**Q** 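Sharing a structure below in structure tokens format, with a few things to ask.
In this chain, residues are counted from 1 in sequence order. Predicted model, so just to flag it, every value in this text is computed and none were measured.
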Amino acid sequence: MSRIQLPASIEAAPAASQPLLEGVKNLLGSVPNLFRLTANSPAALEGYLGLNGALASGTLNPQTRERIALAVAEINGCDYCLSAHTYLAKNLAKLDEAEIAANRDGSSNDPRADAAVRFAVKLVRERGRVSETDVSAVKMAGYSEAEIVEIVAHVALNTLTNYLNEAFDTPIDFPVVNSKAA
């Protein structure tokens, strides 16, 4: 049970959140609990959707975005996000079980993606305080400066959702995956 209200329907959400939730429903076919929870603050929902949408049309491919989400969720122990991103990784990004396991362990079986995932993990563990060597390693793997900035932004976006779900104990509405920390 969530520690704060989950609007039972789009109509039960704050008025300013309702059109945003309608957009989520049109895009996904349903409104997952994360969005319903965040709808309690129309400003937070608008900010989350805005950043998520902007990054989705960025330079990182969907597979790398899901790899980062899995690694960050595992570090932060967020079962909601692990469940959601495992589902997305399998069904949308078409990552296999071995890749998902590697991502949850902070790496990738793809050499280029491995650099991005390891950099994301370093960002989380070091709270953003990465070294020139860390940045150079991602550049040497072929990532542009725009892509490196997006990796940082994806870490921030995923940390936001991890914290929302953990702080408020969002009920998981995806096939459940538990973090290793659980």
**Q** Answer whether the closest heavy-atom distance between the side chains of Ser83 and Cys81 falls below 4.5 Å.
**A** no
**Q** Report, as yes or no, whether the 6.0 Å neighbourhood of atom CZ on Arg3 holds more than 12 heavy atoms from other residues, nucleotides or ligands.
**A**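 Check passes, neighbour count above 12.
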**Q** Quick check for you: to the nearest 0.5 Å, what is the distance between His85 atom NE2 and Thr161 atom OG1?
**A**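 Nearest 0.5 Å value for the NE2-OG1 distance: 5.5 Å.
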**Q** Please tell me if the side chains of His154 and Leu60 come closer than 4.5 Å, counting only heavy atoms from C-beta onward.
**A**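 Touching, per the 4.5 Å side-chain cut-off.
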**Q** After noting the C-alpha distance and the side-chain angles of Gln5 and Arg36, does the key distance pass the side-chain contact (heavy atoms from CB on, under 4.5 Å) rule?
**A** CA-CA 9 Å; Gln5 177 185 345; Arg36 293 173 50 212; over 6 Å; no
**Q** Check step by step if side-chain contact (heavy atoms from CB on, under 4.5 Å) holds for Phe119 and Val155.
**A** CA-CA 10 Å; Phe119 184 67; Val155 167; over 6 Å; no
**Q** Check whether any side-chain heavy atom of Ser108 sits under 4.5 Å from a side-chain heavy atom of Asn103, and report yes or no.
**A**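 Yes, at least one pair of side-chain atoms sits under 4.5 Å.
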**Q** More than 12 heavy atoms of other residues, nucleotides or ligands under 6.0 Å from CZ of Phe174: yes or no?
**A**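 Atom CZ in Phe174 is crowded, with more than 12 foreign heavy atoms closer than 6.0 Å.
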**Q** Flag the pair Glu145 and Lys139 as a salt bridge only when some basic side-chain nitrogen lies within less than 4.0 angstrom of an acidic carboxylate oxygen.
**A**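 Here Glu145 pairs with Lys139 in a salt bridge, since their nearest N and O are under 4.0 Å apart.
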**Q** Between Arg67 and Asp110 (salt bridge meaning N to carboxylate O under 4.0 Å), is one present in this structure?
**A** no
**Q** Check whether any side-chain heavy atom of Tyr143 lies under 4.5 Å from a side-chain heavy atom of Thr64, and answer yes or no.
**A** yes
**Q** Side-chain contact, heavy-atom cut-off 4.5 Å: Asn178 with Leu82?
**A** no
**Q** Using the ring-ring contact (aromatic ring centres under 6.0 Å, His included) rule, collect all pairs that involve residues 39-75, keeping only residues at least two apart or in two chains.
**A** Phe35-Tyr48
**Q** Looking at side-chain heavy atoms only, is the closest gap between Thr170 and Leu164 below 4.5 Å?
**A** no
**Q** Salt-bridge test for Glu99 and Lys94: reply yes if a basic N is under 4.0 Å from a carboxylate O, no otherwise.
**A** no
**Q** Less than 3.5 Å apart, which donor and acceptor atoms pair up between the side chains of residues 14-22 and the rest of the protein, not counting sequence neighbours?
**A**
from	atom 1	to	atom 2	distance (Å)
Ser17	OG	Ala39	O	2.7
Gln18	NE2	Glu11	O	3.1
Gln18	NE2	Ala13	O	2.9

**Q** Has Glu46 got more than 12 heavy atoms of other residues, nucleotides or ligands less than 6.0 Å from its CD?
**A**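 No, the 6.0 Å shell around CD holds no more than 12 heavy atoms from other groups.
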